[in-house]
Amino acid sequence: MDTPVPFDRLAALRDGKPWDVLIIGGGASGLGAAVDAAARGYRTLLVEARDYASGTSSCSTKLIHGGVRYLRQGDFALVSHALHERSHLLANAPHLVHPLAFVIPAWGQLDRLVYGAGLKLYDLLAGSHGLAASASLNRQEVIAALPGLRRAQLCGGIRYWDGQFDDARLAVTLMRTAGDLGATCLNYLPVTGLLKSGGRIVGATLRDAESGEEFEVQARAVINATGVHADHVRQLDEPTAAPLLTPSQGIHLVVDADFLPGRQALMIPKTEDGRVMFAIPWQGKVLLGTTDTPRPDLRQLDDPQPLTAEIDFLLRTAAGVLMWPPTHADIRSAFAGLRPLIHPEHDSDRQTTAALSRDHAVMVSPSGLITVAGGKWTTYRRMAEQVIDRAAQVAGLPAEPCTTRTLKLHGCPSTPGEDVLGTDAARLVELPGHDRLLHPAFPYSEARVRFAIRHEAARTIEDILARRTRALFLDARAAESCIERVGEMLGEELAPAPKRLKAMIFQAQQCARRFQVIPT
Ligand SMILES: Cc1cc2nc3c(=O)[nH]c(=O)nc-3n(C[C@H](O)[C@H](O)[C@H](O)COP(=O)(O)OP(=O)(O)OC[C@H]3O[C@@H](n4cnc5c(N)ncnc54)[C@H](O)[C@@H]3O)c2cc1C
């Protein structure tokens with residue numbers, strides 16, 4: 001057995017040397033900021049309380065898009081920025097993001113005209129960053145694109161293009177990119193307090209979730225990129241700070257590809273709650289989503305659960321348009337994510353304290369804590385650029401230009417490849433189990449698990465099944481049956497204490513059940 005040498009993963013914290021930038025939170029916002037800061041040459045530390053992308057950033061609809069629905073709201077600047085970011089990502093991470101065709105069916109001629117005009121505007125806003133022009137389809141063309149669609153009264157539709165990606169994989173890739181650029185990124189290391197001197201924030205206290213060891217780190221700029229947890233960190237700074245955020249939940253269901261045969265996605269333009277809904281081919285399955293359910297009731301913001309009403313709503317909406325609609329028993333996996341929404345009553349405050357756009361906000365507290373909240377995966381790079389510009393100003397760091405617009409992400413192949421590991425895929429053959437599948441339901445080899453532990457900072461069974469592979473998101477029952485084997489490999493690679501390994505197996509089993517829907 002090729003056994004890796006044990007290493008001290010927290011070694012970089014032990015010399016007490018101050019950091020230029022400390023980023024709290026390892027989701028899209030924090031990881032993007034770490035890449036930007038490290039690319040400018042700042043000494044950068046990112047700490048994540050649990051695993052990278054274990055919050056909202058692994059639970060998105062997995063689209064790199066301008067957001068057709070924002071057109072309805074007239075937010076053209078937001079759409080245009082996002083479409084530009086889409087093209088940067090397609091160029092910088094062709095192993096992770098690919099174009100996908102979406103078809104909007106029309107059940108009346110007027111709808112067809114209205115959607116067609118809206119999508120022409122989308123094309124216009126994309127300008128030279130467009131993927132392919134939207135096109136009007138006749139009834140036969142829609143049926144050919146989406147053979148699973150109900151046909152009664154269908155009169156045609158519109159096809160447009162957007163980007164699709166694997167959210168947790170992009171997060172891991174950003175962590176690796178930041179590391180390549182010299183940043184230190186550490187998971188399972190929550191910030192437990194903020195250090196102040198003369199009323200200014202000068203660092204933070206951290207606690208290793210595995211050993212309980214505590215650290216104090218000094219930093220010139222401290223960035224709060226903790227998503228729906230941002231108020232909690234703001235209150236570590238100012239205990240009386242009024243909460244700014246309220247969570248809104250969005251869920252997705254994963255069903256077999258037979259429910260929507262073909263390689264094109266379906267966009268349902270009007271649901272009973274006035275939103276849009278997608279049915280999207282993704283990694284050999286179909287993703288149905290999403291919802292928008294205010295959750296002011298949530299006391300605990302980790303691991304939100306799909307509500308029965310949300311599951312019923314998605315199944316009911318799908319049944320309205322699909323010929324072979326899925327039922328509860330067909331759901332392979334279900335997951336929920338939380339959007340941090342800014343309380344409407346704080347909108348006017350924000351104008352005075354923040355450099356903000358409609359979709360995200362960057363706020364600086366009197367003691368210098370920089371908070372970034374909101375936004376989308378699609379615009380993570382642009383948000384990061386704005387946050388690091390602001391951090392450099394606040395902390396008086398030497399001004400350095402942002403370089404991420406053309407920065408290739410870790411593993412970027414010279415020609416677009418199929419494998420999300422990019423150039424790292426070739427390294428799997430060096431590892432044991434490269435010719436053995438973890439489970440017949442998934443395309444992952446056992447070497448992929450070992451690679452995740454050795455090179456992608458996977459620390460638990462859940463990290464591997466949920467975010468280094470997407471097994472739990474694709475088929476939660478099949479993933480549950482991989483737990484013992486993944487536990488064995490993790491035991492060989494990291495040699496955790498037997499008690500810890502047992503706890504990890506139990507925790508992974510609990511987690512696998514959260515992704516399952518019990519048929520009613
Ligand atoms: C249902 C849904 C669908 C979406 N679909 C899309 C889409 O298709 N395309 C798109 O572009 N965008 C989409 N989005 C938006 C996108 O997912 C989010 O904008 C993005 O993931 C937010 O990332 P974040 O880093 O701000 O938050 P998070 O991903 O929640 O990350 C915050 C991190 O901070 C960590 N943390 C919290 N407290 C601490 C602490 N004390 N110390 C250290 N770490 C801490 C948490 O563990 C967490 O990992 C969607 C969002 C939702 C909810």
Side-chain angles (χ1 to χ4, degrees), residues 28 52-54 57-65 89-90 93-102 146 148 161-173 250-267 278-290 314 318 326 330-337 377-378 411 413 416-422 424-425 428 437-449 451-452 456 458 462-482 486 511-512 515-517:
Y52 304 112
S54 56
S57 294
S58 56
C59 298
S60 77
T61 311
K62 290 133 197 26
L63 299 180
I64 296 298
H65 61 159
L89 255 171
L90 280 159
H95 50 320
L96 298 175
V97 186
H98 60 266
L100 180 69
F102 288 75
L146 301 172
W161 292 81
D162 250 324
Q164 184 181 40
F165 76 126
D166 176 340
D167 46 15
R169 180 54 35 196
L170 180 55
V172 171
T173 304
I251 76 150
H252 291 87
L253 306 177
V254 177
V255 298
D256 284 342
D258 314 347
F259 292 103
L260 187 75
R263 298 173 69 97
Q264 307 194 30
L266 161 66
M267 199 248 236
F278 292 102
I280 305 176
W282 185 66
Q283 303 205 359
K285 301 278 181 203
V286 169
L287 195 62
L288 302 174
T290 180
L314 291 183
D330 299 310
I331 298 170
R332 298 279 181 191
S333 182
F335 57 91
W377 247 121
T378 307
E418 282 291 297
D419 200 296
V420 289
L421 289 189
D424 277 351
L428 294 184
L437 278 183
L438 179 60
H439 187 286
F442 303 121
Y444 315 119
S445 68
E446 289 194 356
R448 182 81 183 265
V449 174
F451 188 83
E456 298 180 336
E462 181 193 323
D463 297 348
I464 291 161
L465 292 175
R467 293 170 293 274
R468 301 308 179 284
T469 72
R470 303 315 303 270
L472 277 164
F473 285 75
L474 294 170
D475 187 334
R477 282 187 186 82
E480 190 175 4
S481 66
C482 301
V486 172
C511 173
F515 280 85
Q516 293 173 30
V517 171

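Side chains are part of it too, since the values below use all heavy atoms of this structure and drop only hydrogens, waters and symmetry mates.
Of all the heavy atoms in Pro326 and Val255, the pair that sits closest is CB-CG1, 3.9 Å. Nearest heavy-atom pair, Val97 versus Gly163, reported as atom, atom and distance to 0.1 Å: CG1-CA, 4.5 Å. Contact record, Leu89 with Ile64: CD1-CD1, 3.7 Å, taken as the closest heavy-atom pair. The two residues Thr469 and Arg448 come nearest to each other via the heavy atoms CG2-CG, 4.3 Å. When all heavy atoms of Ala53 and Arg467 are compared, the pair lying nearest together is O-CD, 3.6 Å.
Every residue two or more places apart in sequence or in another chain that forms a side-chain hydrogen bond (donor to acceptor under 3.5 Å, both in side chains) with Asp256 is listed here: Lys285, Arg332. With sequence neighbours excluded, the residues forming a ring-ring contact (aromatic ring centres under 6.0 Å, His included) with Trp377 are Phe165, Tyr380, listed by chain and number. Scored by the ring-ring contact (aromatic ring centres under 6.0 Å, His included) test, Phe335 finds His252, Phe473 as partners (sequence neighbours excluded). The ring-ring contact (aromatic ring centres under 6.0 Å, His included) test applied to Phe102 returns Tyr160, Phe278, not counting sequence neighbours. Applying the salt bridge (charged side-chain N to carboxylate O under 4.0 Å, His left out) test to Arg468 and every residue at least two apart in sequence or in another chain returns Asp51.
Salt-bridge annotation for Arg169 and Glu456: present, with a side-chain N of the basic residue lying under 4.0 Å from a carboxylate O of the acidic one. The existence of a salt bridge linking Arg470 and Asp167 is confirmed by a sub-4.0 Å separation between a basic side-chain nitrogen and an acidic carboxylate oxygen.
Rounding to the nearest 0.5 Å gives a distance of 7.0 Å between CG of Asp419 and CG of Leu428. With rounding to the nearest 0.5 Å, the separation of CD1 in Ile280 from CG in Leu63 is 4.0 Å. Taking CG of Leu170 as the start and OG of Ser58 as the end, the distance is 12.0 Å to the nearest 0.5 Å. In this structure, Leu465 CG and Asp475 CG are separated by 11.5 Å, a value rounded to the nearest 0.5 Å.
In this structure, Ser333 contributes its side chain and Leu472 its backbone to a donor-acceptor pair below 3.5 Å.
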Donor-acceptor list for residues 258-267 side chains, cut-off 3.5 Å, not counting sequence neighbours:
from   : atom 1 : to     : atom 2 : distance (Å)
Gln264 : OE1    : Arg159 : NE     : 3.0

